[in-house]
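Notes to accompany the following structure.
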Amino acid sequence: MELPDQRRLLLDDPSLIPSAVEESLRMFPAFAHFRRTATRDTELAGQPIRKGDKVVMWYVSSNRDESRYEDPDRFDVQRNPDHQAFGAGGRTSSRHRTGALELRVMFEETLARFPQMQLAGKPVMAESAFINQLKTLPVTLAPTA
């Protein structure tokens, strides 16, 4: 709704919906981070990690890694990126398949039924350091006369 050019691309070519789903998951992963415990000594980008160390994976950061994505803060329904929205397993995980299916149906049905849907107020994010989700999203389903 905030990017009319991207909405127009989807309305003109619904075959872009699967890539829009993946781009949405990249830009707005459901979880901000996860903490894990290292099971063995290793090194990541020159940083030693010892067995037993607590390591936090920030999905909201990794999904905007400038070394992986060109113009990472731009939402592009044609991008169709790999991402870490659901953690390990990527697109083959059951979490990813279920979430992507739900989003695909939501995009298809919403665009087909309410192609002119618009924001009707300020979106409110859930107050959490862990989840990355909306609490409310006020919309109008069609332009007012």
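Quick caveat, the model's predicted, so the values are computed rather than measured.
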Candidates Thr136, Leu134, Ile131 - the one meeting side chain to side chain contact (heavy atoms under 4.5 Å, CB included) with Met125: Leu134
Short side-chain to backbone donor-acceptor contact, [X] and [Y], under 3.5 Å:
{"X": "Asn63", "Y": "Met27", "result": "no"}
{"X": "Ser19", "Y": "Val77", "result": "yes"}
{"X": "Arg68", "Y": "Pro81", "result": "no"}
{"X": "Arg79", "Y": "Glu70", "result": "yes"}
{"X": "Glu23", "Y": "Asp76", "result": "yes"}
{"X": "Asn132", "Y": "Ala32", "result": "no"}

Distance, nearest 0.5 Å, that separates [atom1] of [X] from [atom2] of [Y]:
{"X": "Leu25", "Y": "Asp82", "atom1": "CG", "atom2": "CG", "value": "12.0 Å"}
{"X": "His83", "Y": "Glu22", "atom1": "NE2", "atom2": "CD", "value": "4.0 Å"}
{"X": "Thr37", "Y": "Lys51", "atom1": "OG1", "atom2": "NZ", "value": "11.5 Å"}
{"X": "Asp53", "Y": "Asp41", "atom1": "CG", "atom2": "CG", "value": "8.0 Å"}
{"X": "Leu111", "Y": "Met106", "atom1": "CG", "atom2": "CE", "value": "8.0 Å"}
{"X": "Lys54", "Y": "Arg36", "atom1": "NZ", "atom2": "CZ", "value": "11.5 Å"}

SB check Arg104 Glu108 (cutoff 4.0 Å): yes
Nearest heavy atoms of Phe107 and Ser24, plus distance in Å: CZ-OG, 3.4 Å
Shortest non-hydrogen contact between Arg7 and Pro115, atoms and distance: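 The pair with the smallest heavy-atom distance is NH1-O, 3.1 Å.
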Remaining members of the apolar cluster that contains Trp58, side-chain heavy atoms under 4.5 Å: Val56, Val60
For Leu44, the rest of its hydrophobic cluster, which grows through side-chain links under 4.5 angstrom: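 Under the 4.5 Å side-chain rule, Leu44 groups with Ile49, Val55.
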Would you say [Y] ends up clustered with [X] if hydrophobic residues are merged whenever their side chains have heavy atoms under 4.5 Å apart, either directly or through other cluster members?
{"X": "Leu10", "Y": "Leu101", "result": "no"}
{"X": "Tyr69", "Y": "Phe75", "result": "no"}
{"X": "Phe28", "Y": "Ile17", "result": "yes"}

With Gln133 via side-chain hydrogen bond (donor to acceptor under 3.5 Å, both in side chains) - residues at least two apart: none
Side chain to side chain contact (heavy atoms under 4.5 Å, CB included) between Leu137 and Leu119, intermediate numbers included: CA-CA 8 Å; Leu137 180 65; Leu119 285 174; 3.6 Å; yes
Within 6.0 angstrom of Glu2 CD, more than 12 heavy atoms from elsewhere: no
Glu43 CD: over 12 foreign heavy atoms closer than 6.0 Å: yes
Parallel, tilted or perpendicular: ring planes of Phe130 versus Phe31, cut at 30 and 60 degrees: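 Ring orientation, 0 to 90° scale: tilted.
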Validation row: Ser61, His33 side chains within 4.5 angstrom (heavy atoms): no
